[in-house]
Participant: 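One structure follows; several queries about it will come next.
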Amino acid sequence: MKNYTDVIEEIVVTEKSAANAEKGVYTFKVAKSANKIQIKDAVEKAFGVKVKSVNTLNTKTKKKRVGRYVGTRKSYKKAIITLKDGESINL
C-alpha cells in the first residue's frame, strides 16, 4: 500500500461509533488486505494523531430483502482505532 487513501476507505458513522468518538475511539472501513501496522500508519498520516491501538474485524455478508428478492450485502474489514490521551480527530 503506497498511500493512506489505499488503506482507509471511509469512516463508519453510527450511533455507537459517535458515542465512542467522544472517548477517543474511531471506526473505519479499511482495505481487506491491510494489516494493523499499515492501518496505524495511514491514520497517523491522514489525521496527524498518535494511535494507541488498532483492533480489526472482518464483517460477514448479510441477507437483505428488497420486496420478494433476496440479495446479500458486501463483507468488509473494519478497524477500531484507539487514540492516545488528548488526541482527537475533527470529522
Participant: Listed by chain and number, what are the ring-ring contact (aromatic ring centres under 6.0 Å, His included) partners of F47, not counting sequence neighbours?
Facilitator: F28
Participant: With side chain to side chain contact (heavy atoms under 4.5 Å, CB included) as the criterion, how do V54 and I80 come out once you've worked through the C-alpha distance, each side chain's angles and the decisive distance to 0.1 Å?
Facilitator: CA-CA 6 Å; V54 177; I80 300 168; over 6 Å; no
Participant: Are the side chain of N3 and the backbone of D6 linked by a donor-acceptor contact shorter than 3.5 Å?
Facilitator: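 Not at all, since once roles are kept as given, no pair shorter than 3.5 Å links the two residues.
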Participant: Please list all pairs meeting side-chain hydrogen bond (donor to acceptor under 3.5 Å, both in side chains) that have one or both residues in residues 58-71, counting only residues at least two apart or in different chains.
Facilitator: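 Every candidate side-chain hydrogen bond (donor to acceptor under 3.5 Å, both in side chains) pair involving residues 58-71 fails, so no pair, neighbours aside, qualifies.
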Participant: For K74, give me all partners under side chain to side chain donor-acceptor pair (under 3.5 Å), at least two apart in sequence or on another chain.
Facilitator: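 Result, side chain to side chain donor-acceptor pair (under 3.5 Å) vs K74: none returned.
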Participant: Could you pull out all residues at least two apart from T82 that satisfy side chain to side chain contact (heavy atoms under 4.5 Å, CB included)?
Facilitator: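 Per chain and number, T82 pairs via side chain to side chain contact (heavy atoms under 4.5 Å, CB included) with V25, K52, S53.
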Participant: Is the closest side-chain heavy-atom distance between I37 and K40 below 4.5 Å?
Facilitator: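 No, every pair of side-chain atoms sits at 4.5 Å or beyond.
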Participant: Using the test side chain to side chain contact (heavy atoms under 4.5 Å, CB included), find all partners of A79 that sit at least two apart in sequence or belong to another chain.
Facilitator: V30, I39, T56, I81
Participant: Residues sharing Y76's hydrophobic cluster, by side-chain heavy-atom contacts under 4.5 Å among ILVMFWY, directly or via others?
Facilitator: none
Participant: Excluding sequence neighbours, so at least two apart, what forms side chain to side chain contact (heavy atoms under 4.5 Å, CB included) with A46?
Facilitator: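 With neighbours one apart ignored, the set is Y4, I8.
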Participant: Give a yes or no answer on whether the side chain of E44 reaches the backbone of V51 with a donor-acceptor pair at less than 3.5 Å.
Facilitator: yes
Participant: Restricting to pairs with a member in residues 8-27, which pass side-chain hydrogen bond (donor to acceptor under 3.5 Å, both in side chains), not counting sequence neighbours?
Facilitator: T14-S17
Participant: For residues K77 and S33, is any side-chain donor paired with an opposing acceptor at under 3.5 Å?
Facilitator: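 Short answer, no.
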